[in-house]
Engineer: 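Just dropping this structure here.
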Amino acid sequence: MITILSGGTGTPKLIQGIKRIYDQRKINVIVNTLENDYFSGVYVAADIDTVIYTFADLINDETWYGLKYDTFITHEKLSELNSPELLKIGDKDRALKIQKTQLLKDYSLSKTVDIQRKNLNIKAKIIPMSNEKSQIKVVTDIGDLEFHQFLIAKKSEPKVKNIIFNKVKPSEEVIITIEKADMVIIGPSNPITSILPIISMKDVEKALKKAYVVAVSPIIGNNPVSGPAGKFMNALGYEVSAYGVASIYSSFLNKFIIDKEDIKFRKKIGKIVNEVEIANTKMTNINTKVELAKLILDK
Ligand code: GDP
């Protein structure tokens, strides 16, 4: 049994590889909920939806957001009506988000996600990191911004000075699924806004210290493969490199997988992590995803 910690882009790519070679019934995924909020009247849990769609083979894996082959009739109509949406929500994607919003009236987020994944015949367990609402603020040179304001409206352009989020309580299954796992995999996700929110919750680090934990670096050279991870790491005083990521996870990490372009960091990282492995971590097609998955699972 394995437990994966995930955000909504890098780790889902790896999940596409893992699910080809590993029994889905033995996979648990603890997913970041930091950015969850209501938009256009519906509850948006972007990372959870991406993980759900990845397991259901429905994900738009060009944008890593929403469903492939979706239409945007409602989104466009709202613009025509002078109510443009901040998030571009597809029509079929919106149906799942409406369902989630309705279910949340009667159930916790954990139960809601469990109902949805079963409806889609997903055998893996998808566990929201928390059932509580997070507050996140991006402190920038143009003022404090909501996460999606920074990411979408401001296109991640402002200079980031700090990232502030509150601690939330882990959902019921988080600790137990880490404790029970033969291996915990931290995929190449944003260490600041996808993984740190999970590992900073009460008792998670303690559980990780007792588990066998493997992580993949989302940073190659001095840049993330995509997204604002570099800006966020920099703002919190971490070196933007595989070493910087390793320093965030070093208290519980058994093995760190870095890209073949980063051999130069091997020795330095070896001083803070037990085992460092070099691999091609650029997941550009299904073969590279499966290769990386095999390397991780063949402990
Ligand atoms: P978010 O929720 O959309 O921010 O997504 P994640 O946190 O799951 O993933 C974002 C991180 O994935 C970024 O820091 C990227 O650098 C990293 N990433 C995306 N694709 C790849 C890849 O193919 N290889 C590696 N090593 N990292 C990747």
Engineer: Using a distance-only test with no angle check, is there a side-chain donor-acceptor pair under 3.5 angstrom linking Asn190 and Thr193?
Structural biologist: yes
Engineer: Just checking, any donor-acceptor pair under 3.5 angstrom between side chains of Glu173 and Ser110?
Structural biologist: no
Engineer: Does the side chain of Lys282 come within less than 4.5 Å of Thr288's, by heavy atoms?
Structural biologist: no
Engineer: Kindly indicate, with the supporting measurements, whether the criterion side-chain contact (heavy atoms from CB on, under 4.5 Å) is fulfilled by Met283 and Val225.
Structural biologist: CA-CA 10 Å; Met283 294 176 281; Val225 176; over 6 Å; no
Engineer: Over all heavy atoms of both residues, which pair between Ile30 and Ile198 is shortest? Give the atoms and the distance, please.
Structural biologist: O-CD1, 3.8 Å
Engineer: On a heavy-atom basis, which atom in Leu86 and which in Ile152 lie closest, and how many Å separate them?
Structural biologist: O-CG2, 3.5 Å
Engineer: Taking a hydrophobic cluster as the set of Ile, Leu, Val, Met, Phe, Trp and Tyr residues connected by side-chain heavy atoms closer than 4.5 Å, whether directly or through intermediates, do Leu145 and Phe147 fall within one such cluster?
Structural biologist: yes
Engineer: Is the shortest heavy-atom distance from the side chain of Gln24 to the side chain of Ile122 under 4.5 Å?
Structural biologist: yes
Engineer: Could you report the tightest heavy-atom contact between Val240 and Gly230, atom names first, then the distance?
Structural biologist: CG2-O, 3.4 Å
Engineer: Calculate, to the nearest 0.5 Å, the distance between atoms CD1 and NZ belonging to Ile142 and Lys159 respectively.
Structural biologist: 13.0 Å
Engineer: Is Glu146 atom CD crowded by more than 12 heavy atoms from other residues, nucleotides or ligands, each under 6.0 Å away?
Structural biologist: no
Engineer: Can you confirm if the aromatic rings of Phe256 and Phe265 lie within a centre distance of less than 6.0 Å?
Structural biologist: no
Engineer: Verify the cluster assignment for Met183 and Leu253: are they in a single hydrophobic cluster under the rule of side-chain heavy atoms below 4.5 Å apart?
Structural biologist: no
Engineer: Verify the distance criterion only: is there a donor paired with an acceptor across the side chains of Asn280 and Glu291 at less than 3.5 Å?
Structural biologist: no
Engineer: Do the side chains of Ser200 and Phe165 get nearer than 4.5 Å, heavy atoms only?
Structural biologist: yes
Engineer: If we ignore hydrogens and angles and just use 3.5 Å, is the side chain of Ser40 paired with the main-chain N or O of Val42 as donor and acceptor?
Structural biologist: no
Engineer: Any ion pair linking Asp49 and Lys97 (charged N to carboxylate O, less than 4.0 Å)?
Structural biologist: yes
Engineer: Is there a donor-acceptor contact under 3.5 Å from the side chain of Ser79 to the main chain of Pro84?
Structural biologist: no
Engineer: Looking at Lys26, I'd like to know if its NZ atom is crowded, meaning that more than 12 non-hydrogen atoms belonging to other residues, nucleotides or ligands lie closer than 6.0 Å.
Structural biologist: no
Engineer: Which distance, rounded to the nearest 0.5 Å, do you find between the CD1 of Ile136 and the CG of Leu34?
Structural biologist: 4.0 Å
Engineer: Under a 4.0 Å N-O cut-off, is there an ion pair linking Lys77 with Glu80?
Structural biologist: yes
Engineer: Return the CD1 to CG distance between Ile278 and Leu295, rounded to the nearest 0.5 Å.
Structural biologist: 10.5 Å
Engineer: Do other residues, nucleotides or ligands put more than 12 heavy atoms under 6.0 Å from the NZ atom of Lys268?
Structural biologist: yes
Engineer: Roughly how far, to the nearest 0.5 Å, is the CG atom of Asn28 from the CG atom of Leu5?
Structural biologist: 10.5 Å
Engineer: Please give me the minimum heavy-atom distance between Asn36 and Ala46, naming the atom from each residue.
Structural biologist: OD1-N, 4.1 Å
Engineer: Are any side-chain N or O atoms of Asn254 and backbone N or O atoms of Val213, one a donor and one an acceptor, separated by less than 3.5 Å?
Structural biologist: yes
Engineer: In this structure, are over 12 heavy atoms from other groups packed under 6.0 Å from Phe72 atom CZ?
Structural biologist: yes
Engineer: Report yes or no: do Val31 and Leu104 belong to one cluster of Ile/Leu/Val/Met/Phe/Trp/Tyr joined by side chain heavy-atom distances under 4.5 Å?
Structural biologist: yes
Engineer: Indicate whether any N or O donor in one side chain lies under 3.5 Å from an N or O acceptor in the other, for Asn121 and Lys123.
Structural biologist: yes
Engineer: Do Tyr243 and Leu196 share a hydrophobic cluster, counting only Ile, Leu, Val, Met, Phe, Trp and Tyr and linking them when any side-chain heavy atoms are less than 4.5 Å apart?
Structural biologist: yes
Engineer: Describe, in one word, how the ring planes of His148 and Phe39 are oriented to each other, choosing from parallel (under 30°), tilted (30 to 60°) and perpendicular (over 60°).
Structural biologist: perpendicular
Engineer: Donor-acceptor check, side chain of Asp182 to backbone of Met1, threshold 3.5 angstrom: yes or no?
Structural biologist: yes
Engineer: I'd like to know if the side chain of Gln135 reaches the main chain of Asn166, judged simply by a donor and an acceptor atom lying under 3.5 Å from each other, with no hydrogens or angles considered.
Structural biologist: no
Engineer: Side chains of Asp91 and Thr74 only: does a donor on one sit below 3.5 Å from an acceptor on the other?
Structural biologist: yes
Engineer: Does a side-chain heavy-atom distance below 4.5 Å link Phe252 with Ile186?
Structural biologist: yes
Engineer: Under the 3.5 angstrom rule, does the side chain of Asp141 hit a backbone N or O of Pro158 as a donor-acceptor pair?
Structural biologist: no
Engineer: Give a yes or no answer on whether the side chain of Ser171 reaches the backbone of Pro128 with a donor-acceptor pair at less than 3.5 Å.
Structural biologist: yes
Engineer: Please check if Val29 and Ile59 belong to a single hydrophobic cluster, counting links between Ile, Leu, Val, Met, Phe, Trp and Tyr side chain heavy atoms closer than 4.5 Å.
Structural biologist: yes
Engineer: Does any donor atom in the side chain of Asp47 or Thr50 lie under 3.5 Å from an acceptor atom in the other side chain?
Structural biologist: no
Engineer: Could you tell me whether Lys206 atom NZ has more than 12 heavy atoms of other residues or ligands within 6.0 Å of it?
Structural biologist: no
Engineer: What distance separates Ser156 OG from Phe232 CZ, expressed to the nearest 0.5 Å?
Structural biologist: 6.0 Å
Engineer: Without swapping roles, check the side chain of Lys231 against the backbone of Glu157 for a donor-acceptor pair under 3.5 Å.
Structural biologist: yes
Engineer: Take Lys13 and Trp64, measure what side-chain contact (heavy atoms from CB on, under 4.5 Å) needs, and give me the verdict at the end.
Structural biologist: CA-CA 9 Å; Lys13 285 186 192 175; Trp64 288 97; 3.4 Å; yes
Engineer: Considering only heavy atoms from C-beta outward, does the side chain of Gln116 approach that of Leu103 to under 4.5 Å?
Structural biologist: yes
Engineer: Does Asp262 use its side chain to pair, donor to acceptor, with the backbone of Gly221 at less than 3.5 Å?
Structural biologist: yes
Engineer: Between Arg94 and Glu85, is there a side-chain heavy-atom distance shorter than 4.5 Å?
Structural biologist: yes
Engineer: Before you tell me yes or no, could you show the steps for Asp114 and Lys125 under side-chain contact (heavy atoms from CB on, under 4.5 Å), namely the whole-Å CA-CA distance, both residues' side-chain angles and the distance that decides it to 0.1 Å?
Structural biologist: CA-CA 7 Å; Asp114 208 50; Lys125 228 159 183 213; 4.1 Å; yes
Engineer: Mind checking the CZ-NZ spacing from Phe150 to Lys155? Nearest 0.5 Å is all I need.
Structural biologist: 12.5 Å
Engineer: With side-chain contact (heavy atoms from CB on, under 4.5 Å) as the criterion, how do Val168 and Met129 come out once you've worked through the C-alpha distance, each side chain's angles and the decisive distance to 0.1 Å?
Structural biologist: CA-CA 9 Å; Val168 289; Met129 71 176 209; 3.8 Å; yes
Engineer: Taking only residues two or more places apart in sequence, or in another chain, which ones meet Tyr43 in a ring pair (Phe, Tyr, Trp, His ring centres under 6.0 Å)?
Structural biologist: Tyr38
Engineer: State, yes or no, whether a side-chain contact exists between Thr11 and Ile4 at a heavy-atom distance under 4.5 Å.
Structural biologist: yes
Engineer: Identify the two heavy atoms, one from Gly244 and one from Tyr238, that lie closest to each other, and give their separation to 0.1 Å.
Structural biologist: O-CD2, 4.2 Å
Engineer: Is the closest side-chain heavy-atom distance between Pro191 and Met233 below 4.5 Å?
Structural biologist: yes
Engineer: Without swapping roles, check the side chain of Ser194 against the backbone of Gly7 for a donor-acceptor pair under 3.5 Å.
Structural biologist: no
Engineer: If you measure only the distance, is there a donor-acceptor pair under 3.5 Å linking the side chains of Thr177 and Thr3?
Structural biologist: no
Engineer: Which heavy atom in Val273 sits nearest to a heavy atom in Ala246, and how many Å separate them?
Structural biologist: CG2-CB, 4.0 Å
